[in-house]
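Structure first, then comments.
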Amino acid sequence: MTASIIGINNTTTVRGLANFDLESILECGQCFRWERNGHNDYSGIVGDKVVRIVQKGDSAVFHGCTELDFSETWSEYFDMKTNYGDIIEKLSINDTVIQTATGFAPGIRILRQPLFETLVSFIISANNSIPNIRRIIFTLSAMYGKRIDFEDRRFYTFPEAAVLAEAEVNDLKLSKAGYRCEYIKKTATSFKNSPLTVSNLKSMGYLNAKKTLEQFMGVGSKVADCTLLFSGAYVSAFPVDVWVKKIMEEFYIKEETSLKRIRQFADSRFGSLAGYAQQYLFYYARSNM
DNA sequence: CCACAGGACGGCT
DNA sequence: AGCCGTCCTGTG
């Protein structure tokens, strides 16, 4: 993307955005911590950086964000250097389903979220609804994260693995995560004892990276793929949930089938762009089917 | 009160 | 390898 960036007075303005729609990006189901203030006006925290972003057309104003914050944190988080127009064009060849899904939300981007937060968030997402997931993550962060005040509101960093590893399961249950609290504590303990990074995962190849994540308690195939995709480790990962299963069976495979066969189909059809395809299809299916 | 939504685990074949 | 009952919480 050839966007221009100007920072002044702790505010950074980005102009010339392409395939960037804040609402699509933040509400397409890949992240859980952003708060909506109004149309294309959101506040959120990543690591220990809090920001408020207001988008109008092809420009966005990042409040509480220096030009350095933008280049060090937000540019990477929002995957600003990837050309989504090219991706949509390639996926759309001879594919009216993708044409419809990308036409519905051409401004989706795949975020690059912190690894441990992504892993725990998607453990919580299993067998759960998005409003619930958001409440649970907010409560855990308020209980175990560091408070950061911004524009008269309180934000909390996502808890460190070492902190969640020491937490009492009964205290974790105040978040209403239920049986997933055992998974959170066990995964945090394993992660603390042998920390993983996105570059570790990238260096071992997709299959080994997925197997590695599936060793954590509470992480199956779908959660592992979500973690790989939404941390930016592998944009070829194709998480299959009930919505993706439904749209793939109805429009591509034309019969009911197993999750495994859907993943194989997606890999052969979308290849290295499967993760992008998944997110367009998921958001379209969830909003329209 | 009940039905239902949402994936991983563990025991079974 | 594949199938299925169970797990927790909130909503209709």
Side-chain angles (χ1 to χ4, degrees), chain A residues 27-33 35-36 113 115-144 159 161 164-165 167-191 196 201 206-231 233-234 237-250 253 255-267 274-275 278-279 281-289:
Chain A
E27 302 208 14
C28 70
Q30 61 180 323
C31 55
F32 304 102
R33 305 202 65 200
E35 296 172 22
R36 183 187 151 106
Q113 302 178 70
L115 182 61
F116 180 67
E117 172 175 344
T118 309
L119 179 63
V120 174
S121 295
F122 282 95
I123 287 173
I124 292 164
S125 82
N127 213 15
N128 215 341
S129 67
I130 289 175
N132 248 349
I133 299 161
R134 292 176 55 92
R135 273 193 292 271
I136 292 166
I137 294 172
F138 177 86
T139 305
L140 288 176
S141 300
M143 287 176 69
Y144 297 102
L164 291 179
E168 296 292 337
V169 172
N170 279 338
D171 291 337
L172 291 173
K173 286 192 173 166
L174 295 172
S175 71
K176 308 287 187 188
Y179 61 85
R180 303 169 194 86
C181 293
E182 302 274 2
Y183 302 161
I184 295 169
K185 182 169 168 83
K186 283 186 177 165
T187 290
T189 303
S190 310
F191 197 95
L196 263 180
L201 293 169
Y206 168 74
L207 287 175
N208 280 326
K210 185 165 176 176
K211 276 183 200 160
T212 300
L213 289 179
E214 286 175 344
Q215 302 306 306
F216 291 105
M217 188 62 72
V219 180
S221 181
K222 192 266 185 182
V223 169
D225 276 333
C226 283
T227 304
L228 292 173
L229 179 57
F230 302 129
S231 66
Y234 289 91
F238 192 86
V240 183
D241 77 321
V242 292
W243 293 100
V244 172
K245 182 174 191 289
K246 186 180 281 194
I247 194 171
M248 292 299 290
E249 287 173 342
E250 189 163 333
I253 304 174
E255 64 178 357
E256 292 207 5
T257 184
S258 65
L259 300 176
K260 189 176 175 182
R261 278 202 54 223
I262 294 172
R263 282 190 293 273
Q264 288 167 349
F265 182 94
D267 181 48
Q278 186 273 356
Q279 202 55 24
L281 293 168
F282 170 82
Y283 192 45
Y284 178 79
R286 203 171 207 302
S287 307
N288 298 288
M289 291 178 75

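Below, chains carry the letters A, B, ... as their sequence lines are ordered, and counting in each starts from 1. Keep in mind that the numbers below use all heavy atoms, side chains included, and drop hydrogens, waters and symmetry copies.
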May I ask you to decide whether A:Glu249 forms a salt bridge with A:Lys245, counting only side-chain N to carboxylate O separations under 4.0 Å?
-> yes
Using atom CG of A:Asn128 as one end and atom C1' of C:dT9 as the other, report the distance to the nearest whole Å.
-> 7 Å
Would you kindly compare A:Pro131 and A:Asn127 by the position of their nearest DNA chain C nucleotide and give the one closer to the 5′ end?
-> A:Asn127
Heavy-atom nearest pair, A:Gly29 first then A:Ile130, reads CA-CD1, 4.3 Å
To the nearest Å, give me how far apart CZ (A:Phe282) and C1' (B:dG7) are.
-> 13 Å
Starting at CZ of A:Arg263 and ending at P of C:dG2, how long is that distance when rounded to a whole Å?
-> 10 Å
A:Val242 side chain, from C-beta outward: closest of C:dT11, B:dG7, C:dT9 = B:dG7
Answer yes if the side chains of A:Asn288 and A:Tyr283 hold a donor-acceptor pair under 3.5 Å, and no otherwise.
-> no
Among side-chain atoms of A:Ser221 and A:Arg263, is any donor-acceptor pair under 3.5 angstrom?
-> yes
Which residue lies more 5' along DNA chain B, comparing A:Met217 with A:Arg180 via nearest heavy atoms = A:Arg180
Residue A:Lys260, side-chain atoms from C-beta onward, closest of B:dC9, C:dG2, B:dG6 | C:dG2
Between B:dA8 atom P and A:Lys210 atom NZ, what is the distance in whole Å?
-> 9 Å
Spacing between A:Phe216 atom CZ and B:dC9 atom P, to the nearest angstrom | 12 Å
Between the CZ atom in A:Phe238 and the CG atom in A:Asp267, the distance rounded to the nearest 0.5 Å is 10.0 Å
Atom-pair distance (NZ on A:Lys222; C1' on B:dA5), nearest Å | 13 Å
Rounded off to whole Å, could you give me the CD1-to-P distance for the A:Ile130 and B:dG7 pair?
-> 9 Å
Whole angstrom value for the distance that separates P of C:dC8 from CD1 of A:Ile133 | 17 Å
Is the base of B:dG7 touched by the side chain of A:Tyr179 through a donor-acceptor pair closer than 3.5 angstrom?
-> yes
For C:dT9, does OP1 or OP2 lie under 4.0 Å from any side-chain N or O of A:Lys176?
-> no
Which nucleotide in B:dC9, C:dT11, B:dG7 has an atom nearest any side-chain atom of A:Arg135 | C:dT11
A:Trp243 side-chain N/O to B:dG6 phosphate OP1/OP2 under 4.0 Å = yes
